[in-house]
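Whatever order the structure lists ligands and atoms in, that order sets their numbers, starting from 1. Start at 1 with the first residue, then count along the sequence. Hydrogens, waters and symmetry mates play no part in the numbers below; they use all other heavy atoms, side chains included.
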Amino acid sequence: MASSQTLSPQSDADAVAEAKRAARAAARAVRSGIDPNGAGEAVAKLVLESFADRLAPELIVSAYWPRGDELDTRPILRALAARGIRTCLPVVAGRGWPLLFKLWRDGHPLVPGGFGVMEPMAEAPVVRPDLLLVPLLAWDRQGYRLGYGAGYYDRTLEALRLEGPPVVAAGIGYAAQELPAVPRDGYDQRLDWIVTEQAAVRISKD
Ligand SMILES: Nc1nc2c(c(=O)[nH]1)N(C=O)[C@@H](CNc1ccc(C(=O)N[C@@H](CCC(=O)O)C(=O)O)cc1)CN2
Ligand SMILES: Nc1ncnc2c1ncn2[C@@H]1O[C@H](COP(=O)(O)OP(=O)(O)OP(=O)(O)O)[C@@H](O)[C@H]1O
């Protein structure tokens, strides 16, 4: 019987992937039991208060179009449109690629994208968001998150942070989705803020 005392990098990576799978399954179960009532409106209020300096006509905010049990971002999208702030939604360019963002304003049509999410129309302009509202399945106070599990937001934040002006990434999720420590690997990009229906938490990176 083969046994080893030290873990190889590969078995470390396998262990993290397995821990993420388990945490994701548990977090999905927790989220499906949460009463969503009023959460979207509460988050919208906190986002407007917390990012007053980022909500200017020259800046662009990305959100997501909610699917399944994700926290409802439609109240934020409505509130931003009412204030004349430009908004955009993610578009899947392909597996293994960063997301693209296309301008979309509350009330405009959406079309089904190739990957099971609703997206702005193909001809909508591609833009670079300054503030990103990122869907959370689980989060911790270090700013780590679990999402859908395809790594799209990690790739996207990495690319945005490598080039161009600083971006602010705020995870949007329920307070009950908090974990003591989300399992993490070397690709995970930390969030700058977490906004739940209860509070806006600024992540300290000292
Ligand atoms: N609301 C919302 N929008 C989002 C995300 C999200 O997590 N939530 N994303 C966060 O990353 C991106 C989309 N991520 C996705 C990741 C995986 C699959 C996926 O695995 N879909 C199934 C079925 C797709 C189909 O119907 O063809 C599949 O491919 O098996 C879809 C979207 C961008 N938009
Ligand atoms: N920049 C990257 N380059 C290569 N692989 C990556 C990168 N970012 C993430 N990955 C890989 O993608 C897979 C999914 O990542 P992870 O489980 O962190 O997704 P997630 O953050 O939950 O999903 P999402 O961002 O789509 O909501 C992992 O195997 C991860 O190692």
Atoms of ligand 2, numbered as shown, that sit under 4.0 Å from any heavy atom of [X]:
X	answer
Y152	24 (P), 25 (O), 26 (O)
E158	1 (N)
R145	21 (O), 24 (P), 25 (O), 27 (O)
D188	18 (O)
Y148	22 (O), 23 (O), 24 (P), 27 (O)

* Is the shortest heavy-atom distance from the side chain of L55 to the side chain of L80 under 4.5 Å? -> yes
* **Test item: I85 and L59 side chains (from C-beta on) under 4.5 Å apart, heavy atoms** => no
* To do: Measure the distance from atom 2 (C) of ligand 2 to every protein heavy atom, then report the residue, atom name and distance (to 0.1 Å) of the closest one.
  => Y187 CD2, 3.3 Å
* **Identity and distance of the protein heavy atom lying nearest atom 25 (O) of ligand 2** => Y153 N, 2.9 Å
* Asked: Which is it for V92 and ligand 1 at heavy atoms under 4.0 Å: side chain, backbone, both or neither?
  -> side chain
* Structure fact -> The answer for which part of M118 has a heavy atom under 4.0 Å from ligand 1 is neither
Counting heavy atoms only, which of [options] comes nearest to [atom]?
atom	options	answer
atom 12 (C) of ligand 1	V117, L99, D154, L137	L99
atom 21 (N) of ligand 1	F115, F101, W65	F115
atom 22 (C) of ligand 1	Y153, Y152, Y148, Y64	Y148

* Asked: Quick one: does R155 get within less than 4.0 Å of ligand 1, heavy atoms only?
  -> no
* To do: Check if G149 has a non-hydrogen atom at a distance under 4.0 Å from any atom of ligand 1.
  => no
* Report yes or no: does R24 have a heavy atom closer than 4.0 Å to ligand 2? => yes
* **CA sep, side-chain torsions, deciding dist, call: R31, Q177, side chain to side chain donor-acceptor pair (under 3.5 Å)** => CA-CA 7 Å; R31 194 173 66 182; Q177 302 292 109; 5.7 Å; no
* Asked: Any donor and acceptor pair, going by atom type alone, linking the side chain of E197 with main-chain N or O of A175 inside 3.5 Å?
  -> yes
* **Nitrogen or oxygen of G147 less than 3.5 angstrom from that of ligand 2** => yes
* Near-ring test Y152/W97, centroid separation under 6.0 angstrom -> no
* Structural part of D185 in contact with ligand 2, heavy atom criterion under 4.0 angstrom -> side chain
